[in-house]
Amino acid sequence: MITILPQTDREPLNTIGYCAGVCWNSPVDDKEKNIKRAKSCILSGHTRTAEYPEVYCIVEGYSARCIRELYTHIIGTTRLQSSTRYVDAKNMDVEQDFYYPFVANPEATEVYKEGLTNIMQTYEKLEELGYPKEDAANILPLGMNTKIVWKINLRALMHFMNMRLCSRAYKEIRQLSNELKAELRKLSTEWEWICDNLLVPKCEAMGYCDEAKSCGRKITKEQMLEAVEEWKKNHKKD
């Protein structure tokens, strides 16, 4: 579950256009002109301006492994995570508080659940033996759900979505990305435009796929270059 916090900019395009207008010594009291200016900046590749709007949210119900992947995005983002030093995990529900990647396979799900149960029983026994939570927590699995407070600016979020909405991203972080996009889209018409045009897989943003193993959604970079060369050859002046 993702909760958008009130600190999030509800008018990100207006914010971008206002800041850009100040730098250009242009009037900034017209919201529609600010929005138009913001779109022009972003679509022209001047994405530094997109660092002004920020998103604040609480992300919970996703695994520690998924959040670890989120942590690989280090520019323009700040986060605080639920602490395994201070939060006691012994009351976690094995069926509800862990990520289950094998839902389509009952046998694999049962094996996975059994493993989680053994881990949590060991965690509890370590506490009973007098070890503090911060020591017992070393046995906790990456599949356990966690909670973070996350702040990210729009420029960094665009990069995050370009990477994590790609079909080659792991399914859980794609789910997180799609949920965040859906929640932001509810905020305003400005966010609707951003979600539809900027928070997209990188192949949509670039017009081609640069992955070594393409899913086929867009032509590859090599195919694009070949098409360009073919066009040049066919349109070469005699």
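A salt bridge between R155 and E51 is present, with a side-chain N of the basic residue lying under 4.0 Å from a carboxylate O of the acidic one.
Looking only at distances, a side-chain donor or acceptor of S44 sits under 3.5 Å from a matching main-chain atom of S40. A donor-acceptor distance shorter than 3.5 angstrom exists from the side chain of T109 to the backbone of F102, with no hydrogens or angles considered. Side chain of E179 to main chain of L176: no donor-acceptor pair is present (N/O by atom type, distance under 3.5 Å, no hydrogens or angles). At distances below 3.5 Å, at least one donor-acceptor pair connects side-chain atoms of Y123 with backbone N or O atoms of A89. Looking at W191, its side chain never comes within 3.5 Å of a backbone N or O of E183 through a donor-acceptor pair. In this structure, the side chain of T77 does not engage the main chain of I74 through any donor-acceptor pair within 3.5 Å. Listed for the R85 side chain is no donor-acceptor partner under 3.5 Å among the backbone atoms of E134. Distance alone, capped at 3.5 Å, places no donor-acceptor pair between the T8 side chain and the I4 backbone.
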Would you please test T146 and E60 for side chain to side chain donor-acceptor pair (under 3.5 Å) and show each step? CA-CA 6 Å; T146 188; E60 53 189 319; over 6 Å; no
Check the pair K133, E127 against salt bridge (charged side-chain N to carboxylate O under 4.0 Å, His left out), reporting the backbone distance first and the verdict last. CA-CA 7 Å; K133 295 185 289 293; E127 281 198 348; 5.6 Å; no
Using side chain to side chain contact (heavy atoms under 4.5 Å, CB included), reason through E124 and E128 one step at a time and then give a plain yes or no. CA-CA 6 Å; E124 190 169 354; E128 291 172 357; 3.9 Å; yes
Could you check R164 against E69 for salt bridge (charged side-chain N to carboxylate O under 4.0 Å, His left out), going step by step and ending with a plain yes or no? CA-CA 10 Å; R164 299 305 180 176; E69 289 198 14; 3.2 Å; yes
Begin with the C-alpha distance, continue with both residues' side-chain angles, and end with the deciding distance and a verdict on side chain to side chain contact (heavy atoms under 4.5 Å, CB included) for K39 and W193. CA-CA 9 Å; K39 291 179 179 179; W193 185 88; 3.6 Å; yes
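Taking the side chain as every heavy atom from C-beta outward, D9 and L187 never approach each other to under 4.5 Å. For the pair L142 and R68, the minimum side-chain heavy-atom distance is below 4.5 Å. Residues L157 and L184 are in side-chain contact: their nearest non-hydrogen atoms beyond the backbone lie under 4.5 Å apart. Contact check for N34 versus D29: no side-chain heavy atoms found under the 4.5 Å cut-off. For the pair C203/E211, no side-chain contact is recorded, criterion being any heavy-atom separation below 4.5 Å from C-beta on. Put simply, the side chain of I194 reaches to within 4.5 Å of the side chain of L13, judged on heavy atoms. Side chains of S26 and Y18 form no contact here, defined as non-hydrogen atoms less than 4.5 Å apart.
Between T15 atom OG1 and E54 atom CD the span is 10.5 Å, to the nearest 0.5 Å. To the nearest 0.5 Å, the span separating CE on M161 from NE2 on H73 amounts to 10.0 Å. Between I219 atom CD1 and E226 atom CD the span is 9.5 Å, to the nearest 0.5 Å. Annotation: the span from K202 atom NZ to N162 atom CG amounts to 8.5 Å, rounded to 0.5 Å.
Nearest heavy atom pair, residue R217 against residue P201, reads NH1-CG, 3.3 Å.
Judged purely by distance below 3.5 Å, without hydrogens or angles, the side chains of N145 and D97 never pair a donor atom with an acceptor atom. Between the side chains of S188 and R10, no donor N or O sits under 3.5 Å from an acceptor N or O.
For R185, the salt bridge (charged side-chain N to carboxylate O under 4.0 Å, His left out) criterion is met by D196, not counting sequence neighbours.
Taking a 6.0 Å sphere around CD of E107, one finds it holds 12 or fewer heavy atoms contributed by other residues, nucleotides or ligands.
Between Y71 and W150, the ring centre distance reaches or exceeds 6.0 Å. Here the two rings, on Y100 and Y112, have centers that are under 6.0 Å apart.
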